[in-house]
Each structure stands twice: as C-alpha cells, then as structure tokens.
Amino acid sequence: MTNGRLRDRLPHLAYGGDYNPDQWPEDVWPQDVRLMREAGANLVSLGIFSWSRLQPREDSFEFGWLDRLMDLLHEGGIAVDLATATASPPPWLSHRHPEMLPVTADGVRLWPGGRQHYCPSSPAYREAARRLVSALAERYASHPALVMWHVGNEYGCHVPACWCDESARDFRAWLRRRYQTLEELNRAWGTDFWSQRYSDWEEILPPRRAPTWANPSQQLDFHRFSSDALLECYELERAVLAENSPGIPITTNFMGFFKPLDYWKWAEREDVVSNDSYPDPADPDAHVRAAMAGDLMRSLGRGRPWLLMEQTASRVNWRPVNVAKAPGQMRLWSLQAVARGADGVMFFQWRQSRAGAEKFHSAMVPHGPVESSPTWQEVVRLGGDLRRLDAAWGSRVHAEVAILLDWESWWALELPSKPSARLGMIEQLESYYRLLFEANVTTDFARPSDDLSAFRLVLVPNLYLVSDDAARNLAAYVASGGTLVMSFFSGIVDEADQIWLGGYPAPFRELLGLHVEDFLPLGVDGAEVRFADGTVDRCVIWSEMVRPHGAEVLATFAGGTLDGQPAVTRHAFGEGRAYYLATRLAPAAMSPLLRRIWQEASVGPVAEVPEGVEAVRRGSLLFLLNHSQQAVEVQTPSGSDRVLLPPREVVIVQDDSLIS
Ligand code: GLA
Ligand code: GLA
C-alpha cells in the first residue's frame, strides 16, 4: 500500500496524543491549542470515541463542533490524525439492533456501557460504520488539517472474537471459501476423531464452550477467521477512505504482540504501522519488552518508520496497582521508540479526563495546575528534543539477525492438549530476544516464508506449525550459506494442525540432521545439560530424545532418562549450518552459545557500552540509552568524546559528535 506518507505532511517527527475535546466545554479548546504549541505538539488523534456525538441519532449527523475544532487546530498549526470513531457504537445502534452485540464462547451476550461492543461479523454494525465513515470522508477529505486517518481503535482489544449466530454464518462462509467442499473440510479437521464428521455445512458452528477440548483444527480456523473478520471491518473503512481521500495515509493502532490478530496480514494494508505501548514501570524488564515490540512494528512495516501512537505520560489505570513512571522514564522510553524506528511519539491522551473509566489514567495535560507538574515539564522537554531530531526522521534501522514469528503457529502452539502447557510463544521469543538486546545486537522479526537472504542469522524459538513451502524456504536459506538456530517442538504439524509424519520434525529432519524419537517435557526445572568443555548448566520446560544422523552433538542432557543424549546439535547443510536445541537452556548457558553462534555468523553489537545501556543505530544516528539506576560513562564510536550518562538519560551521536 502506498496511499501516502505521514512524513510528507508534518514539519518534524510527530508529537501529540489522542484528543477527546468532546469531553470538555468549548472554551477549553483554545487553551488546549495554546498548550499544544507550548509542548511542541504537532499532531492529535481526534475523536476516537465520538460516534454518539457525531451521529446522535440514526438519521442525523452533527459535524458543526468538529468543523470548528478542525479549523481551530489548523489555525494553531496542529495537524489531525482523524479517527473514524467506530470503536464504540452509540446507544441507538445496539438498541435498534441488539443482534449486533457480541456473544462469548459460553453464550453470554456483552452489553453496551463499555466500548467495542460489536460483533465483527454484524451486518448492522458494518453498515452503520460504513455510513459514518463515508460521511466523515466526504466532509473532511480536503480539510487542510487532515494528515492521516485513524481507523477504529485497537481492533480486538476487548472483543477479539464472537460466537453468535451471525458469526457462525460468517464462519461457515469463510470455511466454504477456504475448503470449497465439505469433504475437504472433514479431512482438514480430522473429523473422524470423536465422531465429528459433518454432512451439511449448516451443522458447523464456531468452537463454543464444549464438554471437553473442541477440535483443535476447528479452533485454529476460528482464530484465522476471527482475525480476518475484524480485518474486513478495517478494510471496509479503509476502502471508503482511500476512495474519498487519495494520498492521505491510513493507520490503525496495534498492541504489540497481540495474539488474536495476525499483524503480518494487517500491516500489509496500512500506510503507517502504529503501536500502543504500555510497559509496566514496576517490571524491571519493561524496556526490553518495549524494545521487542518496537522491533516488531518496524518489521511489520518491512523496515518503514512506524509511529508510537499511544503511551501514558505516567500512570495507567487498568493494572491492580498503577505504578508511575520514574522521572525521565517517559522520555527515555519515548526516545527508545524513535531509536528503533518510530517517526513520532504520541500519547493516550492529551488532556486527562474528568469523567469516565479513565479519569485516573495520566495524560500530557494533568488535572491539576499544569505548568508546575513534573509530567507536563517532561512532556515539554520531550517536545523540544523531538524537534531537534529531524536527522532521525524517515531513516532506517539495519538488522542482520531475524527472529521468526508466525501467528498461525502461535495460535496452534497454544491450543490445549499438548505434551506441556508450559510452552508459550512469547516466553520463547523473549528467551532469545533478551540476550540479543542485552548484547546490543539489533534484531528484526520475519515470517518463515519471507526472503531471508539479507540476514546472516535466523533464529526460530519455536515453529510448531509449518507449511511445506515455509520449511523449504528455511532449508534453502541455510543451503545457500545462512545460519539458523531452531528450538524444540518445531515442524510438528501442517496448516491444519495435523502431524507431519515420518519422524519429528519431518519437514526439518534433513536440515537438522536428526530426528526426535519422543518428547519428555520437564515438570520441575531441575534438569541439566553438559557442554563439550565440561560446563554443566540448567535447562527448563522441555527435553526430547534426539537421534542424530549427521548432526554433531555440542551438549548432552546430564542425569535422568536422557543422560548423555543430545541436547544441542549443529549440522552443516549446503553452504550453511543449522543448530538445534532440544531444551530451553538457562540464560547462563544460552548466552555464551548464542554469542558464539552470532560471532561465527559475523554478526556484532552496535557498540560496546556499559551494562544497562541500550545502543541502537538508526540511519546516521547512534542512540545510547541508560536504563540502569547508575550513572555510567559512555564514549563516541571513535573514542573522541566521553560522556557521563546519568540514570534514564539519553545521548544521541551523529558522525561522532553529540547532538543531544
Ligand atoms: C479416557 C477416554 C479415552 C481417552 C483417554 C485419554 O480414558 O475414555 O477416550 O480420551 O481418556 O487419556
Ligand atoms: C488503549 C486505548 C485507549 C486507552 C488506553 C489506556 O490503548 O486505545 O483508548 O483506553 O488504552 O491505557
């Protein structure tokens, strides 16, 4: 998609937040614009939850207030990311069409009173959304303040799937398109198991609450369908906007590693990938997870700059305890996003609400006296920083390592009735990512079917489900000289969640030079592995009985049933090599192993910096971010400048000189 770039429409990196002026009397609006200018803001996401104001009754639209706001913002030099306002349907819609309310797997209907109370497959919801978006597009397409469209809001956040009768109908239509014949569906779903054979399409239902495990292939298809059903909602709005306002970029805000939506598929349909990021200040690893989400956003956009669409200025309101960001932490995490490819930093929200469920959620403008508030002062400081960062704008981050992530495999892996319920996709990703992050080795994410030739090293923390084509793609990558590291329980099932027969992991046997005789998941984490040099370390979660045929054994299990049998192997394949890990090594063992592997693959860190400092290169800029509690000394790449970096401070270096 190339509907347009945000960068062509703003003077600097984007800065601002969700703006909900309909919650405030009109005399507050000019104050808002004055404060926005003071903060250095240049963009607001306007009217995300304004449907009931924009269309108070089915047959009447009220745009006067929005007209006045658009003009006011434009006069004040603030650009608008205009929302389509479809994330919270107005009361009249569900009152007239109660069938548009979503239903859970237990048959419970979710009522209005919160937000996102719509069934993604509901014709009444979709038609009403289309009418609203058409009216908005027609009215504002050529307004000079408009620089981007913000479609919906956090699709799937509260209601990622619906099990109602309308969803059932839509699911059946989706299945007919996928399988064409009932015979093919019966084959893919393995319906001879437990007498589930269908003789009529009408018999098929979404996987509603069943006495015991619902058919896993059915559940997997329901995941695919549910992601697609919401994508159709997004697509119908996007089509209206693209037709009525060509050239205006379109986005919808993502939520990091959000399991229900296959963001690879979604991102292909966005001009700007944007993300909402709420790392928990109480979590000492929050910045690692935020970095990982930033790298995912960059990768989803295939390297294009993305946008940090939401973060909080200090506290959220939805954790049991909402710890405030420490002084400097908001700025530090914001600049981290820029370092990892964001072309802007935005907040939820501009002005802290007086009423409603989010009145204790911090905002750029707090309730109390504004100018003396430390949060406001940090907001103003960051606005100044971003104005001076034009050099980052539009530039790219280069990575030589890719971690593979496939949503379908994630869904299938975490369906129940596996050898172990302790195996989760995100923990697997983090067990690799964290070590790369700590060593300042920049990482992209990629799909198993992507062209991987640009990467020196490809990491596969888990790929339970793999298609024939993707498996061949990985083998071809290694055959032509790539290095690949794969962890246990990969290559187990096909796209229908049926076992690849012929010895696990059948699609990767040749590549890895081994087969797996059986799985021996670990109950308690007392198991150990021994490396060739005699070091012994802990391993967790999983073990397997590996039979090498061609692979070289680098470490063995120590003690227990598998004593002396392979735990880590390496196999030369074509011009490259493939490593296999039959367990999850504790970090003390995984760290030196991975380090050796990336060094062999000629991959290096961005910079050598003290512990706790994150180093990222973006275009001509080197970002050094101190996440530790101590002041540390860092130096420019040539060593010509030494700088003391206090806790939560950031240094940005260009061509060996400090620019910030
Ligand atoms: C019970 C059931 C079997 C099978 C086993 C699995 O015994 O009767 O059909 O599900 O559990 O342990
Ligand atoms: C999400 C939503 C916002 C707001 C914030 C609160 O990101 O998109 O509307 O509810 O959460 O953290």
Side-chain angles (χ1 to χ4, degrees), residues 16-23 44-52 81-89 113-118 150-160 190 192-196 210-216 230 234 251-258 260-261 263 266 273-283 286 289-290 293 297 306-325 330 333-334 337 342 345-366 375 416-421:
D18 281 18
Y19 185 34
N20 299 302
D22 37 339
Q23 296 176 11
V44 290
S45 301
L46 183 60
I48 291 178
F49 297 103
S50 297
W51 193 344
S52 66
D81 165 35
L82 187 58
T84 60
T86 51
S88 192
R115 62 177 173 184
Q116 229 180 69
H117 43 280
Y118 62 87
H150 186 296
V151 177
N153 188 62
E154 293 193 339
Y155 274 99
C157 171
H158 310 298
V159 183
D192 286 314
F193 180 84
W194 283 354
S195 182
Q196 294 169 356
T212 183
W213 302 309
N215 180 314
L230 279 169
Y234 166 80
T251 192
T252 184
N253 43 346
F254 288 166
M255 291 164 282
F257 290 83
F258 182 64
L261 303 186
Y263 280 160
W266 280 67
V273 171
S274 62
N275 192 43
D276 297 349
S277 178
Y278 291 96
D280 184 355
D283 171 6
R289 304 216 164 89
M297 293 306 135
W306 51 283
L307 194 61
L308 176 56
M309 183 62 91
E310 286 183 28
Q311 61 171 342
T312 183
S314 180
R315 265 178 297 103
V316 295
N317 66 309
W318 39 261
R319 293 192 173 103
V321 176
N322 298 293
V323 171
K325 288 179 178 171
M330 180 279 279
W333 290 354
S334 300
V345 172
M346 310 277 289
F347 293 80
F348 175 83
Q349 59 178 332
W350 164 251
R351 181 181 283 278
Q352 188 166 0
S353 298
R354 184 174 183 201
E358 297 187 314
K359 56 184 170 293
F360 293 109
H361 192 296
S362 304
M364 298 170 86
V365 178
T375 300
S417 67
K418 293 290 194 309
S420 171

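Numbering of ligands and ligand atoms starts at 1, following listing order.
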Taking only non-hydrogen atoms of E154 and a 4.0 Å limit, the atoms of ligand 2 in range are 1 (C), 2 (C), 7 (O), 8 (O)

Tell me, with the steps shown, if Y155 and W266 meet ring pair (Phe, Tyr, Trp, His ring centres under 6.0 Å). CA-CA 11 Å; Y155 274 99; W266 280 67; 5.3 Å; yes

Candidates Q311, H361, M309 - the one meeting side chain to side chain contact (heavy atoms under 4.5 Å, CB included) with F348: H361

Looking only at distances, can you tell me whether any N or O atom of E358, backbone or side chain, sits closer than 3.5 Å to an N or O atom of ligand 2? yes

Any donor-acceptor N or O pair under 3.5 Å, side chains S314, T375: no

If I apply the N/O under 3.5 Å rule, does R115 come out as touching ligand 2? yes

Suppose I only count heavy atoms of E310 and a 4.0 Å limit; which atoms of ligand 2 are within that range? 1 (C), 2 (C), 3 (C), 5 (C), 7 (O), 8 (O), 11 (O)

Reported CG-to-OG distance for the pair N253 and S45, which is rounded to 0.5 angstrom: 7.5 Å

Any sub-3.5 Å donor-acceptor pair from N275's side-chain atoms to G256's backbone N or O? yes

Within ligand 2, which atoms have a heavy atom of H361 less than 4.0 Å away? 6 (C), 12 (O)

Side-chain donor/acceptor of H158 to backbone N/O of P160, under 3.5 Å: no

Sorted by chain and number, the residues that approach ligand 1 to under 4.0 Å with a heavy atom: none

Regarding ligand 2, does W318 bring an N or O atom to under 3.5 Å of one of the ligand's N or O atoms? yes

For D276, the ligand 2 atoms with a heavy-atom partner under 4.0 Å come out as 7 (O), 8 (O)

Counting only N and O atoms by type, is there a donor-acceptor contact under 3.5 Å from the side chain of Q116 to the main-chain atoms of E154? yes

Between T84 and G152, is there a donor-acceptor pair closer than 3.5 Å when you use the side chain of the first and the backbone of the second? yes

For Y19 and M364, what are the C-alpha separation, side-chain angles and deciding distance, and is it a side-chain contact (heavy atoms from CB on, under 4.5 Å)? CA-CA 10 Å; Y19 185 34; M364 298 170 86; over 6 Å; no

Pair W306-F254, side-chain contact (heavy atoms from CB on, under 4.5 Å): steps then yes or no: CA-CA 11 Å; W306 51 283; F254 288 166; over 6 Å; no

Using a 4.0 Å cutoff against the non-hydrogen atoms of N153, which atoms of ligand 2 qualify? 2 (C), 8 (O), 9 (O)

Show the atoms of ligand 2 that are less than 4.0 angstrom away from any heavy atom in F49. 9 (O)

